[in-house]
Q: 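The following block contains the structure, expressed as structure tokens.
From a predicted model like this one, the values you see are computed outputs, not experimental measurements. When a ligand or atom number is given, it counts from 1 through the structure's own listing order.
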Amino acid sequence: MAQNKTMGKYGLGYHITAPKGLLNDPNGLIQFNGVYHVFYQWNQNGTTHTTKSWGHVTSDDLIHWTNQPVALEPDEWFDKDGCYSGSAVSFENKLYLFYTGNVRNEKNERESYQCLAVSEDGIHFEKKGPVIAQPSGYTAHIRDPKVWQEENNDWWMVLGAQKDNLTGDTLIYHSTNLIDWTCKGSLIDHANEDSFMWECPDLVQFEQKAAFIFSPQGLTAKGDEFNNIYQSGYLTGEFKKTGKFLPDDHPFKELDRGFEFYAPQTFQDNNGRYILFGWMGVMEPEVEAAVPTVQDGWIHNLTIPRELLYAEGQLIQRPVVELEKLRQGQPQVIVGKTKESLQLTTLQNEISFNWKEAAGSFAFQIRNEVLVEYDKALRRIQVTRTNWLTNKRETRAVTLKRPLTQMQGFLESSTLELFVNDGEEVFSLRYFPAQEVNTLDISFCETDKEPKITAYSLKQ
Ligand code: FRU
């Protein structure tokens with residue numbers, strides 16, 4: 001069944017959503033026998049975070065997705081209260097899923113089991129049960145196994161964890177057969193007392209550099225940073241064959257500067273590209289309960305697939321090139337206008353801004369709701385939206401490393417992903433316009449500094 005897109009006024013087209021209920025983290029990302037598989041955390045029975053199963057969609061091209069039967073249901077003693085997040089690898093023509101079995105025992109205490117399920121066809125999975133039990137020195141908050149293989153064929157797994165002293169950490173395990181796992185201790189030596197749990201760890205390795213991606217909970221807001229309820233970001237460094245990650249002397253950097261990006265996961269496709277999906281996303285519980293789509297029986301979506309690259313000391317995210325196939329018809333092109341109101345004809349759009357040299361200061365407003373402003377002198381870009389619970393305006397901002405020269409926005413009726421300076425920064429957010437307007441209102445403060453604007457309608 002192709003993805004069902006009749007989800008009310010704020011329904012989405014090209015983003016992955018669940019057919020109903022609540023979707024959260026992307027899980028088990030893999031290209032298996034040529035087909036892209038995306039699994040996701042799914043509460044099929046409501047829009048709250050109760051029992052989770054693994055929803056499943058597949059695609060040949062990363063843009064057209066087909067719903068598959070639920071891959072994992074919480075129906076065994078080791079996962080009865082939720083098949084939590086995890087990852088996929090392919091081994092001897094089989095698809096291996098590693099996930100966390102979340103259990104509440106008779107005393108209502110948490111227990112976590114790292115479990116395996118195997119499939120030959122990529123659709124039907126046979127559960128093999130737990131492969132890793134509770135390590136000592138840690139609370140039962142141990143979850144989200146991410147597995148990968150090194151060139152020498154060794155398998156490694158990182159696990160999000162909480163130490164007995166209630167601070168966040170990541171454990172690393174080693175295996176040669178995917179069944180027997182040995183704990184090698186903490187992935188990184190650190191003294192981070194600021195966060196109480198690290199969720200969804202992941203490791204990417206480029207030729208020049210590795211990056212350890214994770215979602216720490218409990219960071220304190222600091223200026224433009226860490227303003228969401230929870231964060232997702234990374235440290236750059238080196239991964240040693242001993243199972244240690246040695247971080248560079250760079251601070252933790254957020255992957256996204258918007259409002260609710262969380263729990264990203266990456267995989268390498270058959271061409272060796274690292275592709276990332278994130279969840280849009282994490283919110284304060286009362287804000288989540290007020291999301292207007294709850295009325296239509298669904299909540300949340302994944303981000304568009306983004307290619308992950310490394311350049312000049314940081315990770316770069318770009319919409320995968322396949323998304324260009326969503327473009328339909330001729331684009332609207334605008335050059336040399338200081339003030340413009342662009343009427344969009346569909347709710348799905350791609351809009352790019354390219355400056356010959358650096359941008360001057362400007363403001364543009366999407367559907368009378370999301371305001372994007374750039375201050376040339378400060379090199380600061382700021383995004384403002386209305387919080388749908390409080391009705392107050394709220395902002396996120398970042399100071400760019402270099403002057404602004406390029407922006408590319410992917411829009412749907414209630415999502416925006418704005419890629420800045422070819423993916424050096426990204427803002428992802430949900431928004432719910434109060435009025436039925438479909439315009440982009442742009443005003444540039446300096447003549448001679450207007451960009452070329454190209455606006456495409458996108459297919460569902
Ligand atoms: C992150 C997370 C994971 C967990 C899953 C449960 O959003 O809390 O740590 O496995 O969601 O749905």
Q: Just jot down the salt bridge (Lys or Arg N to Asp or Glu O under 4.0 Å) partners of K80, sequence neighbours excluded, or say none.
A: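 Result, salt bridge (Lys or Arg N to Asp or Glu O under 4.0 Å) vs K80: none returned.
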Q: Looking only at side-chain N and O atoms, does Y431 offer a donor or acceptor that is under 3.5 Å from a partner on R367?
A: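 R367 vs Y431: donor-acceptor pair found between side chains.
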Q: Tell me, which residues have any heavy atom less than 4.0 Å from some atom of ligand 1?
A: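 Those residues closer than 4.0 Å to ligand 1 by some heavy atom are N24, D25, Q41, K52, Y84, S85, R143, D144, E199, Y262, W279.
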Q: Check whether the ring centres of F125 and F39 lie less than 6.0 Å apart, and answer yes or no.
A: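 Aromatic pair counts; centres sit under 6.0 Å.
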Q: Got a sec, which residues hit salt bridge (Lys or Arg N to Asp or Glu O under 4.0 Å) with E350, two or more places apart in sequence or on another chain?
A: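 With sequence neighbours excluded, E350 shows a salt bridge (Lys or Arg N to Asp or Glu O under 4.0 Å) to R327, given in chain and number order.
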Q: Is a donor from one side chain sitting under 3.5 angstrom from an acceptor on the other, for N27 and Q265?
A: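 Note: N27 and Q265 side chains miss the donor-acceptor criterion.
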Q: Of all residues at least two apart in sequence or in a different chain, which pass the ring pair (Phe, Tyr, Trp, His ring centres under 6.0 Å) check with F206?
A: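 Only Y274 meet the ring pair (Phe, Tyr, Trp, His ring centres under 6.0 Å) criterion with F206.
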